[in-house]
Amino acid sequence: MNNRLLKADYIDIYAFQQDLLTWFNEEQRDLPWRKDKDPYKIWVSEIMLQQTRVDTVIPYFHRFIEQFPTIAALSEAEEEKVLKAWEGLGYYSRARNLQTAVREVYEKYGGVVPNHPKEIATLKGVGPYTAGAILSIAYGLPEPAVDGNVMRVLSRILLITDDIAKASSRKVFEAAVRELISHDNPSDFNQALMELGALICTPRSPSCLLCPVRDHCHAFNEGKQNELPVKVKKIKKREVQLAAALLTDSEGRLLIRKRPDKGLLANLWEFPNIELNLQYVSEKEQLKEAINTKYDTNISITDMIGQIEHIFTHLTWNINVYQGKLDRVIEDKDLKLVSLEEIKIYPFPVSHQKMLKQYIEAAGI
DNA sequence: CAAACGTGGCA
DNA sequence: TTGCCAAGTTT
């Protein structure tokens, strides 16, 4: 990038702010986290909205705030309850990091979300975007909050051609926001930039004819809006074969286990499963052998009741789902036998929710 | 810096 | 059907 005002000299900053803020004032969506400026609620909404659509977040936000209305409430909650409230939203480390950070605010900052960039940035799960979002939206500070929307919008308005997939590009857009941001209303300015990206300046087929700031848009004036932003993506996906077992005891209770506290789907619960490697050994035998060894039990595998393909961003699970019986296991905090009623309180990933559904259908319960 | 980390919607 | 996309952060 060049140094000369990042091409912001191409536009009249004051007029740009006015046009953008006027549009936002008239056209912004009525969203539940816009009802007040409670830093805690803004914070929760920002974490939920990471890589997640507004329509998906809305019902989760309502339930979460109802269940954990304050920093004190979330601080004192059991992690399992928090994960259950997050069930289905994905990126579950967000929920655990949020609670960790909220507890830190509760204990070290007297329950008041810090309003200084250096302090707020130290909180777990609060990166550069979220820090800027809370500081600007809740506290009215003129800090950049650069997300995917902002990079797309500004790449077009300022004709910035840096690859937005590169981490290093974010600072280019932060510098641009620092030049453009309204110091009278940083909260609405940042939200307006994102709202414009969500409603008008969309990734494909932007609605330039409806855009309140098209007269300020360098890309539109050169007919290049469809060439921006520059985004070079390279995704290699793995594929993993799994076999899972829905094992019931004599009372019809199901065996579930808690996943490790790190990595994929950390601390969520699941049905016992193994990664299949040796194609020349029967899956049933592999599954039975692995579970008997791991849990020191004696199970039998009966039928395969279904198959599940579950696609993550970075890998795909192909799961063969089996049904079986077990005599007894030694339960502990990470291994439990639960009834179909008790199982409802445990947070499960979507893939395993699907398995339970298949089990219930197969069993005709 | 690249990769890990979820899920559902849509063209 | 396949790939991209959605208010990112951590390691």
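Predicted, not measured: the structure shown is a model, and the values here were computed from it. Computed over heavy atoms, backbone and side chain alike; hydrogens, waters and symmetry mates excluded. Chain A is the first sequence line, chain B the second, and so forth, proteins listed ahead of strands; every chain is numbered from 1.
- Rounding to whole angstrom units, CD of residue A:Glu87 and P of B:dG6 are separated by 14 Å.
- Atom CD1 of A:Ile311 is separated from atom P of B:dG8 by 11 Å (rounded to the nearest Å).
- Taking only side-chain nitrogens and oxygens, A:His310 never comes nearer than 4.0 Å to OP1 or OP2 of B:dG6.
- The side chain to side chain donor-acceptor pair (under 3.5 Å) test with A:Asn320 is passed by exactly one of A:Gln241, A:Lys284, A:Gln307: A:Gln307.
- Annotation: A:Phe64 is in aromatic contact with A:Trp86 [ring centroid separation under 6.0 Å].
- Here, C:dT11 and B:dG6 have their P atoms 13 Å apart, quoted to the whole Å.
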Close N/O contacts between protein and nucleotides 2-4 of chain B (under 3.5 Å):
none

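- Ring geometry for A:Trp317 against A:His310 counts as tilted: the plane angle lies between 30° and 60°, on a 0 to 90° scale.
- Taking a cutoff of 4.0 Å between a charged side-chain nitrogen and a carboxylate oxygen, A:Lys357 and A:Glu361 qualify as a salt bridge.
- Summarising the geometry, the separation between CE on A:Met48 and C1' on B:dT7 is reported as 14 Å, rounded to the nearest angstrom.
- Comparing C:dA7 with B:dA2, their C1' atoms sit 23 Å apart, to the nearest whole Å.
- Between A:Pro206 and the options A:Asn226, A:Val153, A:Ile200, A:Leu196, a side chain to side chain contact (heavy atoms under 4.5 Å, CB included) holds for only A:Asn226.
- Distance A:Asp55 CG to B:dT7 P: 19 Å, rounded to the nearest Å.
- A:Phe271 and A:Phe348 have their aromatic ring centers within a separation under 6.0 angstrom.
- Taking atom CG of A:Asp162 as the reference point, atom P of B:dC1 lies 12 Å away to the nearest angstrom.
- Residues A:Leu268 and A:Leu315 share a hydrophobic cluster, clusters being chains of Ile/Leu/Val/Met/Phe/Trp/Tyr side chains in contact below 4.5 Å.
- To the nearest 0.5 angstrom, A:Glu239 atom CD is 8.0 Å from A:Lys237 atom NZ.
- To the nearest angstrom, C1' of C:dT1 lies 11 Å from CD of A:Glu309.
- Counting to the nearest Å, the P atom of B:dG6 and the CZ atom of A:Arg94 are 9 Å from each other.
- Only one option out of A:Trp43, A:Tyr60, A:Phe61 pairs with A:Trp33 in a ring pair (Phe, Tyr, Trp, His ring centres under 6.0 Å); it is A:Phe61.
- Note: CG (A:Leu83) to P (B:dG6) measures 11 Å, nearest angstrom.
- Rounded to whole Å, the separation between the C1' atoms of B:dC5 and C:dA6 comes to 15 Å.
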What does nucleotides 5-11 of chain C look like as a protein-contact string, B for base, S for sugar-phosphate only, - for none, at under 4.0 angstrom between heavy atoms?
BBBBSS-
